[in-house]
Amino acid sequence: MVKDHVRRGRRARDAGRWAEAHAAYKAAFEATDPASGTELERTEIAGELGLCELALRMYRDAAEHLAWSLEQREALPPAQQRRFGEGLRKARPFVATLILAVDPPDAEVLVDGKAIGRTARTYKLFFEPGHHMVRARAPGHGESLHGLRAVAAAEHEISIKLLPDAAVSRAKDQAPAAPKPASASPPARAQAPGPPADVWASWPGTLRIAGIGLTAATGSLGVVFMVRASTADGDLEERNRRLDAAGVSQGVCREPPKPAVCSELTRLRRARDLFAGLGTAMVVTSGVVGAATLASFFTDFSFLRAGPTRARLALTPAVTPAQVGLVAHGAW
């Protein structure tokens, strides 16, 4: 079965039918049994599969299979070592490399939620440019989660050391406890029947505090989304530049058959547009809520009060070399 797949893959490769060759070599690689198959057989198949993926512009998969094959280079003839090494050098400019150190070495490692399927103390992983999440977990240990912004042709390093559950529990127990409220409270004064005056006195201040918090939150989210949209746009421009450098026109994505890289370009455009829209909406919302909150400081709510209140508010002009504004202080 494996030899049939390999023969079919060689014929398709020699004829330049890379998609057919890729399917055949992939079936051969998945059909080989690491326990019973020869090391040379799996190493050769992995390298040929990587060269097919390179021709199809599947750069991350190509780098992964070629690098794995070259790790067993002693099992390869010199000619194949040179072919696979040259293929890996061509794939590297399009992918990011991560050197990941994990302790304990039997920890399970997941990349973007998918287990990588092997355990080791040190890994060499390849990523498409963009944002990724690396997670490590092991029985009897805490978990660790790391974000990675992968840059094409760059090499990144992450070191993860998982703490035993006992150490994690001790760290939680040693965290400072929140202060307890005083048990004694002053006696409450008698209130006249009807709605308490403090209800009407406190709600404008509560709304102002909520407005200030909402303004800051939506403004911050807007900035975060705008930055994320800018990052996605930069990744898109970088990918287009690399395609132009490789002699690939952007117009190939408008007509079938579309290369595999077109789906990545579409994903980056959608991400850019989504985050740009969210960022604009958050910034507009922040401006509207902020304007309403500022206007409330100049509105008299005394007609809503059932009685006198101690709430006071003062506005003081503030001028600095960098900005002009109002400082609000008081109690409400």
Any side-chain heavy-atom pair from V102 and R121 closer than 4.5 angstrom?
no

Check for a donor-acceptor pair, side chain of T285 on one end and backbone N or O of A281 on the other, with a separation under 3.5 Å.
yes

Working note: T97 + L125, criterion side-chain contact (heavy atoms from CB on, under 4.5 Å); need CA distance, chi angles, decisive distance, verdict.
CA-CA 6 Å; T97 305; L125 305 175; over 6 Å; no

Indicate, with yes or no, if L145 and Y123 share a hydrophobic cluster defined by side-chain heavy-atom contacts under 4.5 Å among Ile, Leu, Val, Met, Phe, Trp and Tyr.
no

Do L163 and H141 have side chains that get closer than 4.5 Å, going by heavy atoms?
no

Could you label the plane-to-plane angle of the W68 and F29 rings as parallel, tilted or perpendicular, counting under 30° as parallel and over 60° as perpendicular?
perpendicular

Tell me, please, which residues at least two apart from D4 pass salt bridge (Lys or Arg N to Asp or Glu O under 4.0 Å).
R7

Answer yes or no: is there a side-chain heavy-atom contact under 4.5 Å between V109 and R135?
no

Considering all heavy atoms, the nearest A138-P104 contact:
CB-CG, 4.2 Å

Between L221 and L278, is there shared hydrophobic-cluster membership here, with clusters defined by ILVMFWY side-chain heavy atoms closer than 4.5 Å?
yes

L162 and A136: which non-hydrogen atoms are nearest, and at how many Å?
CD2-O, 3.8 Å

Does E64 have any side chain to side chain donor-acceptor pair (under 3.5 Å) partners at least two apart in sequence or in another chain, and if so, which?
R60

Any side-chain heavy-atom pair of E157 and L98 under 4.5 Å:
no

How long is the straight-line distance from NE2 of H132 back to CG of D112, given to the nearest 0.5 Å?
6.0 Å

Does the side chain of L148 reach to within under 4.5 Å of the side chain of M133, using non-hydrogen atoms?
no

Test side-chain contact (heavy atoms from CB on, under 4.5 Å) applied to M58 and L56, step by step
CA-CA 6 Å; M58 302 166 62; L56 294 172; 4.0 Å; yes

Side chain proximity check, L100 to T122, heavy atoms < 4.5 angstrom
no

Which residues satisfy the salt bridge (Lys or Arg N to Asp or Glu O under 4.0 Å) test with D61, sequence neighbours excluded?
none

Let me see the working for I160 and H146 under side-chain contact (heavy atoms from CB on, under 4.5 Å), right down to the final yes or no.
CA-CA 9 Å; I160 298 177; H146 291 261; 3.6 Å; yes

Test your reading of the model: is there a side-chain donor-acceptor pair from T215 to the backbone of G290, 3.5 Å cut-off?
yes

F275: ring-ring contact (aromatic ring centres under 6.0 Å, His included) partners, not counting sequence neighbours:
F225

Listed once per pair and sorted, the salt bridge (charged side-chain N to carboxylate O under 4.0 Å, His left out) pairs that draw on residues 270-289, sequence neighbours left out
D233-R272

Are the side chains of F126 and E128 in touch, meaning some heavy atoms are under 4.5 Å apart?
no

Nearest-0.5 Å distance, CD of residue E30 to CG of residue L49:
8.5 Å

Derivation of the side-chain contact (heavy atoms from CB on, under 4.5 Å) call for R149 and T231
CA-CA 10 Å; R149 185 179 185 276; T231 301; 3.1 Å; yes

Partners passing side-chain contact (heavy atoms from CB on, under 4.5 Å) against A152 (at least two apart in sequence or in another chain):
P129, R242

Decide whether V151 and F94 are clustered together by the hydrophobic rule: side chain heavy atoms of Ile, Leu, Val, Met, Phe, Trp, Tyr closer than 4.5 Å, transitively.
no

Residues forming a salt bridge (Lys or Arg N to Asp or Glu O under 4.0 Å) with R10, sequence neighbours excluded
none

Treating S69 as the side-chain partner and H65 as the backbone partner, does any N or O pair qualify as donor plus acceptor under 3.5 Å?
no

Closest non-hydrogen atom pair between G142 and D165, with its separation:
N-OD1, 3.5 Å

Could you state the interatomic distance from OG (S286) to CG (L214), rounded to the nearest 0.5 Å?
8.0 Å

Any residue meeting salt bridge (Lys or Arg N to Asp or Glu O under 4.0 Å) with R17, in chain and number order, not counting sequence neighbours
E20

Taking the side chain from S230 and the backbone from M226, do they hold a donor-acceptor pair closer than 3.5 Å?
no

For H156, side chain to side chain donor-acceptor pair (under 3.5 Å) partners two or more places apart:
none

D235/R269 salt bridge by N-O under 4.0 Å criterion:
no

Mind checking side chain to side chain donor-acceptor pair (under 3.5 Å) for E108 and listing every partner two or more places apart, or none if nothing turns up?
R137

What closest approach, in Å, do C52 and Y25 show between heavy atoms, and which atom pair accounts for it?
SG-CD1, 3.7 Å

In Å and rounded to the nearest 0.5 Å, what is the CG to CG distance from L54 to L66?
7.0 Å

If you look only at distance, which donor and acceptor atoms sit under 3.5 Å apart when one is on a side chain in residues 77-90 and the other is two or more places apart or in another chain?
residue: Q81; atom: NE2; partner: R73; partner atom: O; Å: 2.7
residue: Q81; atom: NE2; partner: L76; partner atom: O; Å: 2.9
residue: R83; atom: NH1; partner: E48; partner atom: OE2; Å: 2.9
residue: R83; atom: NH2; partner: E48; partner atom: OE1; Å: 3.3
residue: R83; atom: NH2; partner: E48; partner atom: OE2; Å: 3.4
residue: E86; atom: OE1; partner: R89; partner atom: NE; Å: 3.3
residue: E86; atom: OE1; partner: R89; partner atom: NH2; Å: 2.8

Below 4.5 Å, heavy atoms only, C-beta onward: do F127 and V95 meet side chain to side chain?
no

Taking only residues two or more places apart in sequence or in another chain, which ones pass side chain to side chain donor-acceptor pair (under 3.5 Å) with H131?
none

